[in-house]
Participant: 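Could you have a look at this structure, given as structure tokens, before my questions?
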Amino acid sequence: MRSLRSRIWKLFTDVYPSYLRKVKHMDIGQGARIAPMAHIDKTYRKGVHIGVRSIILKGAFVLAHDSCRSLRTDTYIGKDCVIGINSIILPGVRIGNEVIVGAGAVVTKDIPDNSIVVGNPAKVIKSGIKVVEGRIVQ
């Protein structure tokens, strides 16, 4: 049963980024996996940039606009990043390469490469990590 569930999840997370690239014309790198229940800003589609092999999990919000401030800006997620369940990436934030954003984190500022961030607002708790296929390797 678990194997079937894994295959179905992989199928959906492979197909959804292709849909966003081809139909919505969003800048999403090859090999990126986005859960269908993730919320990628479709109001300002050109403002979302997701790197290759990055993973965005269920319930995560990636925003590129703020209606209250009439703000439309670019939000960048680097390559090989993992954006945790129910986390929020605010407009204009740059997340470096090989970053893990913990579940429920609210990212309000730029995050350097090779870091783990958690909390509200998100703070770096560890740096100098290496991420391969969504996992930390030493």
Side-chain angles (χ1 to χ4, degrees):
M1 183 68 146
R2 183 174 274 179
S3 177
L4 178 62
R5 184 180 298 160
S6 297
R7 285 188 224 154
I8 290 171
W9 188 83
K10 183 165 178 6
L11 174 69
F12 279 125
T13 58
D14 288 343
V15 170
Y16 188 55
S18 297
Y19 163 78
L20 292 175
R21 264 193 301 276
K22 292 175 183 164
V23 176
K24 300 292 186 182
H25 306 290
M26 297 177 89
D27 180 21
I28 298 174
Q30 293 297 321
R33 295 160 116 194
I34 302 173
M37 298 298 286
H39 307 279
I40 309 300
D41 195 338
K42 293 176 186 81
T43 301
Y44 183 53
R45 293 182 272 219
K46 293 181 181 181
V48 177
H49 308 277
I50 299 172
V52 297
R53 296 180 307 277
S54 287
I55 301 170
I56 300 179
L57 299 173
K58 177 183 176 181
F61 284 84
V62 180
L63 303 172
H65 87 287
D66 183 348
S67 296
C68 296
R69 297 184 289 164
S70 300
L71 176 67
R72 287 178 173 236
T73 185
D74 292 332
T75 302
Y76 293 91
I77 297 173
K79 66 182 179 91
D80 294 309
C81 291
V82 179
I83 309 300
I85 292 172
N86 294 331
S87 58
I88 301 171
I89 312 300
L90 293 178
V93 170
R94 265 182 199 272
I95 295 176
N97 299 322
E98 298 185 33
V99 170
I100 294 180
V101 176
V106 179
V107 181
T108 59
K109 297 183 210 171
D110 293 355
I111 306 297
D113 292 350
N114 306 96
S115 302
I116 299 175
V117 297
V118 297
N120 179 6
K123 292 184 177 123
V124 176
I125 61 164
K126 189 170 184 179
S127 53
I129 65 164
K130 178 88 174 130
V131 178
V132 176
E133 294 181 11
R135 292 188 170 87
I136 300 171
V137 295
Q138 300 300 340

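Here the structure is a predicted model, which is why all the values come from computation and not from measurement. Only this structure's heavy atoms are used, side chains among them; waters, hydrogens and symmetry mates stay out.
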Participant: Can you tell me which residue pairs pass the ring-ring contact (aromatic ring centres under 6.0 Å, His included) test with a partner in residues 82-112, sequence neighbours excluded?
Facilitator: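 Matches after skipping sequence neighbours: none remain.
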Participant: Going by side-chain heavy atoms closer than 4.5 Å, which hydrophobic residues are tied to Leu11, directly or by a chain of links?
Facilitator: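 Its cluster mates, by chain and number, are Val15.
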Participant: Taking side chain to side chain donor-acceptor pair (under 3.5 Å) as the cut-off, I'd like each qualifying pair that reaches into residues 37-46, sequence neighbours left out, listed once.
Facilitator: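 For residues 37-46, and leaving out neighbouring residues, the side chain to side chain donor-acceptor pair (under 3.5 Å) pairs sorted by first residue read Tyr16-Lys42, Asp41-His65.
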Participant: Among all residues two or more places apart in sequence or in another chain, which pass the salt bridge (Lys or Arg N to Asp or Glu O under 4.0 Å) test with Arg69?
Facilitator: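 Per chain and number, Arg69 pairs via salt bridge (Lys or Arg N to Asp or Glu O under 4.0 Å) with Asp66.
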Participant: May I have all residue pairs that pass ring-ring contact (aromatic ring centres under 6.0 Å, His included) and include part of residues 89-128, sequence neighbours excluded?
Facilitator: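 Sorted pair list comes back empty.
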Participant: Can you list everything that forms a side-chain hydrogen bond (donor to acceptor under 3.5 Å, both in side chains) with Arg33? Sequence neighbours excluded, please.
Facilitator: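 Residues passing side-chain hydrogen bond (donor to acceptor under 3.5 Å, both in side chains) with Arg33: none at all.
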Participant: Show every ring-ring contact (aromatic ring centres under 6.0 Å, His included) that has at least one partner inside residues 69-104, sequence neighbours left out.
Facilitator: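 Those involving residues 69-104 are His49-Tyr76.
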Participant: Tell me which pairs pass ring-ring contact (aromatic ring centres under 6.0 Å, His included) where either residue lies in residues 91-111, with sequence neighbours left out.
Facilitator: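 Every candidate ring-ring contact (aromatic ring centres under 6.0 Å, His included) pair involving residues 91-111 fails, so no pair, neighbours aside, qualifies.
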Participant: When the side chains of residues 95-103 are checked against the rest of the protein, which donor-acceptor pairs come out under 3.5 Å, sequence neighbours left out?
Facilitator:
unit_1: Asn97; atom_1: OD1; unit_2: Lys79; atom_2: N; d: 2.8
unit_1: Glu98; atom_1: OE1; unit_2: Asn114; atom_2: ND2; d: 3.2
unit_1: Glu98; atom_1: OE1; unit_2: Val131; atom_2: N; d: 3.0
unit_1: Glu98; atom_1: OE2; unit_2: Lys130; atom_2: NZ; d: 3.3

Participant: Excluding sequence neighbours, so at least two apart, what forms salt bridge (Lys or Arg N to Asp or Glu O under 4.0 Å) with Asp27?
Facilitator: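 So Asp27 forms no salt bridge (Lys or Arg N to Asp or Glu O under 4.0 Å) with any residue.
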Participant: Enumerate the salt bridge (charged side-chain N to carboxylate O under 4.0 Å, His left out) contacts for residues 111-123, please, sequence neighbours excluded, ordered by first and then second residue.
Facilitator: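 Listed by first then second residue: nothing to list.
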Participant: What salt bridge (charged side-chain N to carboxylate O under 4.0 Å, His left out) pairs are there with at least one residue in residues 82-94, not counting sequence neighbours?
Facilitator: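 Listed by first then second residue: nothing to list.
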